[in-house]
Amino acid sequence: MATSLRCFLRSGKKAVLVAGRRGFQRSAPAGVQVTVRDALNQAMDEELERDERVFLMGEEVAQYDGAYKVSRGLWKKYGDKRVIDTPISEMGFAGIAVGSAMAGLRPICEFMTFNFSMQAIDQVINSAAKTYYMSAGLQAVPIVFRGPNGASAGVAAQHSQCFAAWYAHCPGLKVVSPWNSEDAKGLLKSAIRDDNPVVFLENELMYGVPFEMTEESQSKDFTVPIGKAKIERPGNHITLVSHSRFVGHCLDAAAVLAKEGIECEVINLRTIRPMDVESIEASVMKTNHLVTVEGGWPQFGVGAEICARIMEGPAFNYLDSPVTRVTGVDIPMPYAKTLEENSLPQVKDIIFSVKKTLNV
Amino acid sequence: FADFTPQATFDIKKCDLHRLEAGPPVRAELTREQGLQFYRTMQTVRRMELKADQLYKQKIIRGFCHLYDGQEACAAGIEAAITPSDHLITAYRAHGYTYTRGVSVKQILAELTGRKGGVAKGKGGSMHMYAPHFYGGNGIVGAQGQIFETFNMAALWKLPCIFICENNQYGMGTSVERAAASTDYYKRGDFIPGLRVDGMDVLCVREAAKFAADHCRAGKGPIVMELQTYRYHGHSMSDPGVSYRTREEIQEVRSKNDPISMLKERMLSSKMASAEEFKEIDTEIRKEVDDAAQFSTSDPEPPLEDLCNHVFCSDPPLDVRGVHPWSRLKSVS
């Protein structure tokens with residue numbers, strides 16, 4: 001987290017510099033560099049301002065400015081009623097959040113990491129996800145569960161699990177997994193405005209990473225639709241599908257492969273459930289080859305689901321080789337540095353898999 | 001050393017009691033030998049934690065690192081009152097207990113640096129260290145509901161269990177007043193008797209833990225023990241620990257209530273040991289910790305062949321999928 005703090009300081013300074021230089025202009029400068037952390041912060045700030053029913057609760061979100069500083073400044077701006085520090089009681093406060101959503105508020109319930117959500121998973125699944133169905137449409141649960149998901153750096157087995165597959169398994173939940181700042185801001189705003197329970201999977205290692213954000217994305221009404229994937233890089237030879245941090249790895253691999261004449265189409269899923277299978281199918285029907293990349297474990301994972309869906313649809317007949325899944329190694333996350341590095345997909349693993357899939 | 005007082009008795013703070021007619025004694029006996037042992041144990045934990053701080057700042061230790069300095073009297077006092085065949089489990093601030101339960105400084109530091117000589121072969125890290133009758137080191141803690149479920153079952157079945165709350169005044173960055181409707185943690189067992197103990201005084205902790213252990217061994221069921229203690233470091237190495245408390249507060253505890261200083265002063269003023277002896281022990285400990293640190297930075301990381309081992313116990317070797325379908329790894333029990 002010290003690294004994250006330093007990242008924030010770097011980006012904070014940069015944003016100020018940019019504003020200073022452009023001080024004479026009234027409109028927000030186009031193409032400004034915004035970290036994922038700041039994008040999330042902006043999304044929450046704008047939605048707290050827009051709708052007084054929206055509030056944030058979780059451990060250290062208020063006075064500490066957020067364990068990872070994502071909610072920095074929000075308590076100071078909105079006060080005790082809108083940004084609430086909870087005791088360390090996930091099952092308890094998740095239940096309170098769900099109840100408040102049922103009663104008409106629009107809570108953002110933060111889990112310090114999604115590993116802690118396992119303490120509260122009954123509330124997420126049984127109290128939030130299934131209720132609209134069980135009540136035949138009488139009772140909605142407009143709640144967002146957000147926090148960092150997946151591996152960080154050296155946080156070992158109990159703090160490194162990816163929950164994308166677990167939550168996406170459940171009907172009634174929407175599961176969103178942003179990669180860059182535009183994703184983070186636009187999707188979080190959509191999640192907060194959505195009347196359904198949304199599991200919003202962030203990534204701690206991405207918090208401090210700056211991305212250029214368009215002028216359009218600076219607008220307070222800018223949202224990214226849930227359920228729609230984005231083609232980050234067009235290509236003709238093979239489709240790479242990923243979510244969260246590994247989208248970046250795919251783009252890095254694509255850059256290396258381009259030098260060898262292999263053009264990868266990189267798809268950023270953005271949403272795990274409902275999954276935009278159509279975008280993947282359209283791409284596969286063009287490229288005839290598919291590699292999925294994720295940080296989670298292979299069994300019953302996001303890649304496994306993509307394989308099944310492709311097989312069940314029109315794109316199957318366009319495949320020239322079986323789909324390749326690139327995933328985390330099927331073990332609890334080890335602590336030692338080299339072991340940890342070798343437990344997750346690296347760029348070289350993606351490159352290797354692309355070549356094997358293309359048989360080159 | 002024939003001139004040293006072999007044994008002395010000290011006044012210790014009376015414990016606050018909940019549903020108990022009588023509590024631990026208010027006078028504690030200390031032999032010279034046990035005093036020096038306590039000193040050695042606490043000072044070793046202190047030096048080990050400070051070394052971990054150093055190694056973390058040098059980025060040789062990564063991830064989470066929750067240090068125990070300030071709380072040494074708790075682990076040392078408890079261990080003095082129980083036996084190696086008793087069972088102990090704790091949360092993530094585990095290095096002190098790992099040491100008192102018998103793991104060497106070398107194996108602890110090497111685990112923190114992720115080397116194969118670590119107690120968990122480098123695969124567990126700071127929060128996941130184990131030893132016989134020591135069940136870790138646990139990273140995820142349910143702080144409320146699960147405790148009450150456990151209280152209920154322990155009382156119902158009269159389980160010989162001491163529930164210990166190390167109350168160091170803060171839950172990460174939140175003070176106890178902001179997180180707990182009642183900060184009388186020793187009363188939270190409700191129908192379970194409880195003690196509130198001065199956790200900075202190793203003799204107080206020892207007497208209370210002995211009392212609690214006797215209670216359990218006599219078949220009276222569970223008991224709650226709240227140790228009032230303090231951590232000098234922040235919640236973890238990522239937390240500077242000064243945004244929610246003042247430096248003056250930390251300094252105050254260090255100067256007036258430090259567990260190691262208190263023990264040392266007691267022994268010196270009762271002529272149970274000499275300043276030179278303590279210095280000698282300090283030097284020995286410094287060497288032990290430095291040697292351990294040296295080992296922890298020079299020992300190699302666990303080899304890649306170990307990556308998938310220990311997924312299952314007592315099973316034949318297992319094939320494990322690697323990052324892609326062409327990576328077939330092996331897991332041995």
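Residue numbers begin at 1 in each chain, while the letters A, B, ... track the order of the sequences.
Each of Thr86(A), Ile350(A), Thr338(A), Val293(A) has some count of heavy-atom pairs under 4.5 Å with chain B, and the biggest count is that of Thr338(A). Of the listed residues Ser243(B), Pro303(B), Cys308(B), the one with more heavy-atom pairs under 4.5 angstrom with chain A than any other is Cys308(B). By number of non-hydrogen pairs under 4.5 angstrom with chain B, the leading residue of Pro87(A), Gly328(A), Pro332(A) is Pro87(A). Between chain B and the residues Asp330(A), Leu339(A), Ile331(A), the most heavy-atom pairs under 4.5 angstrom are made by Leu339(A). Per-residue heavy-atom pair counts under 4.5 Å with chain A were compared for Ile61(B), Asn138(B), Leu112(B), Leu329(B), and the maximum is reached by Leu112(B).
If you measure heavy-atom distances from Met118(A) to chain B, you find no contacts under 4.5 Å at all. Neither the backbone nor the side chain of Leu318(B) comes within contact range of chain A, judged by heavy atoms closer than 4.5 Å. For Thr327(A), the parts sitting under 4.5 Å from any heavy atom of chain B are the backbone and the side chain alike. Using a 4.5 Å cut-off between heavy atoms, Asp349(A) contacts chain B through both its backbone and its side chain. At a 4.5 Å heavy-atom cutoff, the contact between Leu344(A) and chain B is made by backbone atoms alone. Neither the backbone nor the side chain of Arg115(B) comes within contact range of chain A; no heavy atoms are under 4.5 Å apart. Residue Phe64(B) touches chain A through both its backbone and its side chain, counting heavy-atom pairs closer than 4.5 Å. Neither the backbone nor the side chain of Ser331(B) comes within less than 4.5 Å of any heavy atom of chain A. When heavy atoms are compared at a cutoff of 4.5 Å, Glu340(A) approaches chain B solely by way of its side chain, counted from C-beta outward.
Relative orientation of the Phe163(B) and Phe151(B) rings is perpendicular, given thresholds of 30° and 60° on the angle between their planes. The aromatic rings of Tyr167(A) and Phe163(A) lie tilted to each other, with the angle between the two planes from 30° to 60°. Taking the six-membered ring where tryptophan is involved, the planes of Phe352(A) and His324(B) are essentially parallel, since the angle between them stays under 30° and well short of 60°. In this pair, His159(A) and Phe116(A) present their aromatic rings perpendicular. The plane angle is above 60°, beyond the 30 to 60° band.
Under the 3.5 Å distance criterion, with hydrogens and angles disregarded, a donor-acceptor pair is assigned to the side chains of Asp239(B) and Tyr64(A). In this structure, a donor-acceptor pair under 3.5 Å is absent between the side chains of Thr229(B) and Gln71(B).
For the pair Arg93(B) (side chain) and His235(B) (backbone), a donor-acceptor distance under 3.5 Å is present.
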**OP:** Step by step, work out the salt bridge (Lys or Arg N to Asp or Glu O under 4.0 Å) result for Lys106(B) and Asp291(B).
**Re:** CA-CA 8 Å; Lys106(B) 193 165 134 178; Asp291(B) 285 349; over 6 Å; no
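Contact annotation: the side chain of Phe246(A) never approaches that of His243(A) to less than 4.5 Å [non-hydrogen atoms, C-beta and beyond].
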